[in-house]
Amino acid sequence: MKKFRVACIGMILAAALALNVTPVLAANTTDKPYRYTSVGGLNWHDTTHYEKTNTSKVYVKPDTSPSKRTNVQTYCYVSGKATNKTASGTVTLRNGHAYGITNTVYEKGDRSNGHVEMWLKMRATSGTGLVSGNWSPDWTGKGDVAIV
C-alpha cells in the first residue's frame, strides 16, 4: 500500500511538471512598518519596495503624522518608469484608521524582475514631523477598513 501511495504522488508531481503548473503565491499581507522623521507636506517619501501578488487593494494604517493626515500614492514600475497606480491619484488617510486603497499595481506593473514590485509614496498634508504606520501590498479583504 505504501509503494502505491509513493507511486501516485510521483505521478501527480510528474504530471504537474509536464503541464508546467506554477505554484500559487501567497498574498503579501504581512504588515510592513514605515517610519520617517522630519516629513513635511512638500516632500514625498518612498517606502521599501515589496512584491504585490494579486489584484487586491493595498492595506495602509497610518499611526502618526504632524497634521494627523497623510497623503498616500501606490507605485510600481510600468515600462521601467515609476508610476502612480492609485485609482484616485492621491488618497488622504487619517491617523489611527485602516484603509484599503484601490489600485492597478498588479494589473499594470512590470514583471521584468519575475514579479510586480510596489511601494508607497507618502507625505504629511501639512506641518513637519514624524510620519509612521503599517502597510501591506496585498489586503486580506477582511477587517474594518475604509475603501479609498
Side-chain angles (χ1 to χ4, degrees), residues 8-10 12-148:
C8 286
I9 291 170
I12 291 168
L13 289 174
L17 290 172
L19 293 172
N20 198 21
V21 174
T22 304
V24 176
L25 295 173
N28 193 356
T29 58
T30 303
D31 281 356
K32 287 108 175 76
Y34 62 86
R35 181 181 178 86
Y36 306 104
T37 57
S38 301
V39 174
L42 298 178
N43 301 321
W44 289 96
H45 290 266
D46 292 2
T47 62
T48 301
H49 297 200
Y50 290 102
E51 181 178 4
K52 179 138 180 70
T53 63
N54 62 39
T55 61
S56 68
K57 298 183 183 337
V58 172
Y59 174 83
V60 182
K61 185 176 182 193
D63 293 326
T64 308
S65 179
S67 57
K68 299 190 179 8
R69 288 177 169 66
T70 306
N71 287 331
V72 177
Q73 298 174 334
T74 58
Y75 264 75
C76 66
Y77 292 110
V78 176
S79 300
K81 181 181 175 194
T83 306
N84 180 6
K85 298 315 289 175
T86 309
S88 60
T90 301
V91 293
T92 302
L93 311 180
R94 293 184 311 150
N95 290 352
H97 297 269
Y99 296 88
I101 301 174
T102 304
N103 68 91
T104 57
V105 170
Y106 185 79
E107 298 89 331
K108 304 288 184 178
D110 280 350
R111 287 178 171 75
S112 54
N113 292 339
H115 63 272
V116 176
E117 209 172 84
M118 77 148 306
W119 64 96
L120 301 179
K121 284 190 175 276
M122 56 184 53
R123 67 181 181 191
T125 58
S126 65
T128 300
L130 176 67
V131 171
S132 67
N134 290 288
W135 77 286
S136 65
D138 301 318
W139 177 49
T140 62
K142 298 176 184 171
D144 188 19
V145 303
I147 304 301
V148 293

Trainee: Is the shortest side-chain heavy-atom distance between Y106 and M118 below 4.5 Å?
Mentor: no
Trainee: Are the side chains of T83 and K85 in touch, meaning some heavy atoms are under 4.5 Å apart?
Mentor: yes
Trainee: If only atom types and distance count, is the side chain of T86 paired as donor or acceptor with the main-chain N or O of N84 below 3.5 Å?
Mentor: no
Trainee: Kindly indicate whether the side chain of L120, heavy atoms from C-beta on, has any atom under 4.5 Å from the side chain of Q73.
Mentor: no
Trainee: Are the aromatic rings of Y99 and W135 close, with centres under 6.0 Å apart?
Mentor: no
Trainee: Extract all donor-acceptor atom pairs below 3.5 Å that involve side chains of residues 137-148 and protein atoms in other chains or at least two apart in sequence.
Mentor:
from, atom 1, to, atom 2, distance (Å)
D138, OD1, K52, NZ, 2.9
D138, OD1, T53, N, 3.4
D138, OD2, N28, N, 2.7
D138, OD2, T53, N, 3.1
D138, OD2, T53, OG1, 2.6
W139, NE1, K142, O, 3.2
T140, OG1, K142, N, 3.1

Trainee: Quick check with a 6.0 Å cut-off and a 45 degree axis cone: is K32 positioned over the face of Y50's six-membered ring?
Mentor: yes
Trainee: Indicate yes or no for a side-chain donor-acceptor contact from N113 to the backbone of H115 under 3.5 Å, with no hydrogens or angles considered.
Mentor: no
Trainee: Are the side chain of T64 and the backbone N or O of S132 linked by a donor-acceptor pair below 3.5 Å?
Mentor: no
Trainee: Under 30°, 30 to 60°, or over 60°: which ring-plane class applies to W119 and H49, parallel, tilted or perpendicular?
Mentor: parallel
Trainee: Does some side-chain heavy atom of V91 sit less than 4.5 Å from a side-chain heavy atom of T102?
Mentor: no
Trainee: For A82 and Y77, work out which heavy atoms get closest and say how close.
Mentor: N-CD2, 3.6 Å
Trainee: Could you pull out the closest heavy-atom pair between H97 and P62, with the gap in Å?
Mentor: O-CD, 3.3 Å
Trainee: From K68 NZ over to S126 OG, what is the distance, rounded to the nearest 0.5 angstrom?
Mentor: 10.5 Å
Trainee: Does a side-chain heavy-atom distance below 4.5 Å link Y34 with T48?
Mentor: no
Trainee: Filter on salt bridge (Lys or Arg N to Asp or Glu O under 4.0 Å), then keep only pairs touching residues 103-123, sequence neighbours left out; what's left?
Mentor: D46-K121
Trainee: Search all heavy atoms of V131 against all heavy atoms of S65 and return the closest pair with its distance.
Mentor: CG2-OG, 4.2 Å
Trainee: Relative to the ring of H45, is the ring of Y36 parallel (under 30°), tilted (30 to 60°) or perpendicular (over 60°)?
Mentor: parallel
Trainee: The criterion is side-chain contact (heavy atoms from CB on, under 4.5 Å); which residues satisfy it with T125, sequence neighbours excluded?
Mentor: S67, R69, N71, T92
Trainee: Which atoms form the tightest heavy-atom contact between V105 and N103, and what is the distance?
Mentor: N-OD1, 3.0 Å
Trainee: For residues T128 and P66, report the shortest heavy-atom separation together with the two atoms involved.
Mentor: C-CG, 3.7 Å
Trainee: May I ask you to test the I101-V60 pair for a side-chain heavy-atom distance under 4.5 Å?
Mentor: yes
